[in-house]
Amino acid sequence: MANIDVLTILPDLILIGFAFALLLAGAFSRVERQVNFNMVSALAFVVAFTVNWFQYGADKFGFYNMFMYDQVAGVFRFIFYGIGFLVSLMSEPYICGRIKHKGEYYALIMLSTVGMSFIATSYDLIMLVLGLEAMSLSVYVLTGMFKTDERSVEASMKYFLLGAFSSAIMLLGIAFIYGTLGTTNFGEVLESFKSGLGGTKPQILLVGAMLVLAGVLFKVAAVPFHMWTPDVYEGAPTSVTAFMISGVKAASFIMLIRVFVLGLQIVVFDIVTVIMVISAITMTLGNVCALIQKNVKRMLAYSSIAHAGYILVGFVALNRTSLGAIIFYLMAYALMNIGAFAVLALFQDRGNSLESLSGSGFKYPFLGLMMTIFMFSMVGLPPTAGFMGKFYIFKGALEAGYVWLVVLAVLNSAVSAYFYLRVLIYMFFEDFKGTVRPAINATPTAVALLLTSIGILYLGVFPQNLFELTRKCMTYIH
Amino acid sequence: MPVIGLQNFFLLTGVVLFCIGVIGFLIRRNLIICFMCIELMLNGVNLVFITYAHYLKSAIGMMYVLFVMAIAAAEVSIGLAIILMVFRLKASVDMDELNTMRG
């Protein structure tokens with residue numbers, strides 16, 4: 001088993017190659033004018049997706065047990081590359097004219113995706129940390145991509161400081177885990193727990209696990225660590241917010257599953273109680289704060305906190321149905337968020353106030369229809385993917401006997417209908433002000449919108465196949 | 001495994017360094033000082049790693065230290081660039097100036 005198997009990270013290597021090629025192309029002004037960066041970037045993601053398609057299936061270890069490419073990693077790679085593809089398509093009309101060197105933007109999106117995919121494939125805590133840093137550092141820069149916009153720079157600064165702070169805390173946790181077990185490889189952890197410690201759990205191991213959990217929950221944006229979320233999601237360029245809210249969130253949940261269900265299984269039942277309380281508070285606080293927002297981006301940021309709470313319910317239940325449902329929910333969540341932010345990005349208004357959308361639903365019927373689908377999916381109304389995602393998560397939680405948590409989550413979704421549907425009320429039942437015009441010549445964005453909405457409706461009407469796939473791939477638990 | 005006094009001393013130093021970093025990060029308002037506090041936290045972590053590596057007689061902890069140093073270097077380059085952008089826009093590196101977004 002101890003060997004270097006380049007095939008385990010082949011799609012990521014392809015992405016890295018494309019990213020460097022784009023950076024290089026951006027360095028020569030004559031080349032830069034001729035290259036269609038968003039199309040090259042979309043092509044790179046399609047290639048990576050296809051390679052992953054052919055690799056999917058068998059479990060592979062690589063780089064001296066640093067990577068384990070299993071089916072969960074494969075499914076998450078599909079999610080990440082899909083997100084990268086859709087974000088590459090929708091970015092162009094928004095960043096056009098605002099970012100001077102577009103090559104850097106797309107290269108950073110790709111490198112960040114590589115970091116996410118490393119997180120999903122890692123089989124050792126050190127690889128996980130490196131993937132996390134590769135992802136986060138790229139996203140810090142992407143957040144501050146609008147160098148002259150105060151809010152973008154401010155968001156970048158806040159995200160960077162708090163992100164670096166949380167990863168330092170996580171590293172201390174890893175140090176304590178290493179100190180008690182003598183290893184951080186997921187395969188060896190269980191063995192050394194049995195042989196070295198004789199099955200006892202020293203306090204310091206729990207402290208380490210809690211510190212790592214704090215670092216992960218920061219990325220998830222669960223409640224005690226959610227302070228950065230609204231500011232960063234509001235200040236970042238809209239296309240980057242779409243990328244963060246879908247990609248970074250999915251990456252942090254696979255990090256949670258990978259560390260505590262695959263790696264440190266020995267402490268998972270100790271942390272579930274903590275997560276149960278956190279998930280209850282997270283979804284309630286996210287929804288309550290979202291009720292009073294006037295800015296659509298900020299409202300969606302608070303709603304992302306609430307959604308993190310719902311997904312954590314799936315982690316608390318900790319059975320195969322609920323963990324498979326987490327993956328399904330993350331897919332649905334990525335589709336609806338990228339779609340909603342693509343519509344917002346088309347209304348090229350940095351304010352993103354609710355008023356600026358007034359009456360646009362009838363004026364631009366295509367965008368109105370799309371936004372309706374995305375908002376219905378966010379509330380969780382059938383026949384959309386959001387409904388099926390919530391349904392499966394709650395089903396898993398009920399199987400595990402967490403009735404009160406499910407009741408709370410359902411009540412929360414009822415409350416959330418108010419602020420999601422308010423967007424539609426502004427779009428369809430207010431007079432058109434004509435202050436904001438959507439970008440023209442946005443064919444790629446239209447394609448992205450069509451793909452996301454078809455995906456949402458497909459997953460809403462025929463969820464069975466995909467859910468069976470996600471449930472089956474979750475081999476960490478029986 | 002036997003707990004030795006000297007080991008505890010080094011671990012305690014590392015954790016104390018880390019805690020000084022945390023406290024500094026939370027109470028100081030200057031962006032550069034906050035940033036230095038994060039570096040202090042990372043160095044505290046490094047000391048903990050190297051102590052464990054020495055007493056467990058395993059090289060993994062030392063590898064961690066090298067990687068943490070690399071991560072810290074990457075963070076420095078990006079962090080200082082962002083602080084520079086803030087300074088260009090606001091002519092100040094005070095955290096209280098970062099208040100455009102509310103709610």
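The sequence lines fix the lettering, A, B, ..., with proteins before strands; numbering per chain opens at 1.
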Discussion item. Is B/Ala72 close to chain A through its backbone or its side chain, or both, or neither, when contacts mean heavy atoms under 4.5 Å?
Written reply: neither
Practice prompt. Before giving the answer on side chain to side chain donor-acceptor pair (under 3.5 Å), spell out for A/Thr143 and A/Lys158 the whole-Å C-alpha distance, their side-chain angles and the decisive distance to 0.1 Å.
Written response: CA-CA 10 Å; A/Thr143 310; A/Lys158 282 179 180 162; over 6 Å; no
Worksheet, complete the sentence: Heaviest contributor of heavy-atom pairs below 4.5 Å to chain A, chosen from B/Ile60, B/Val48, B/Val68, is B/Ile60
Item to complete: Heavy-atom distances under 4.5 Å only: say whether B/Ile83 touches chain A with side chain, backbone, both or neither.
Response: both
Practice prompt. For the residue pair A/Trp228 and A/Tyr159, categorise the inter-ring angle as parallel (less than 30°), tilted (30 to 60°) or perpendicular (more than 60°).
Written response: parallel
Worksheet, complete the sentence: Under 4.5 Å to a heavy atom of chain A? For B/Asn46 that would be neither
Discussion item. Between A/Tyr302 and A/Tyr233, is the ring-ring contact (aromatic ring centres under 6.0 Å, His included) condition met? List the steps.
Written reply: CA-CA 9 Å; A/Tyr302 276 112; A/Tyr233 285 177; over 10 Å; no
Item to complete: Might you point out which heavy atoms bring A/Val153 and B/Leu89 nearest each other, and give the distance in Å?
Response: CG2-CD1, 3.6 Å
Worksheet, complete the sentence: Counting heavy-atom pairs under 4.5 Å with chain B, the top scorer among A/Ile169, A/Ile292, A/Asn185 is A/Ile169
Discussion item. Can you tell me which portion of B/Lys57 sits under 4.5 Å from chain A's heavy atoms? Options are side chain, backbone, both or neither.
Written reply: neither
Discussion item. Within the 3.5 Å criterion, strictly below it, is a donor on B/Thr100 or A/Glu154 matched to an acceptor on the partner's side chain?
Written reply: yes
Fill in: Interface moiety of A/Glu133 toward chain B, non-hydrogen atoms closer than 4.5 Å
side chain
Worksheet item: What pairs of residues pass the salt bridge (charged side-chain N to carboxylate O under 4.0 Å, His left out) test when at least one of them lies in residues 13-32 of chain B, not counting sequence neighbours?
Response: B/Arg29-B/Asp96
Worksheet item: B/Phe18 versus chain A, heavy atoms under 4.5 Å apart: side chain, backbone, both or neither?
Response: side chain
Practice prompt. May I ask you to check whether A/Phe218 and A/Phe165 place their ring centres under 6.0 Å from each other?
Written response: no
Worksheet item: Between A/Tyr178 and chain B, which part of the residue has a heavy atom less than 4.5 Å away: side chain, backbone, both or neither?
Response: both
Response to the item:
Whatever's closer than 4.5 Å to a heavy atom in chain A on B/Phe25 counts as side chain
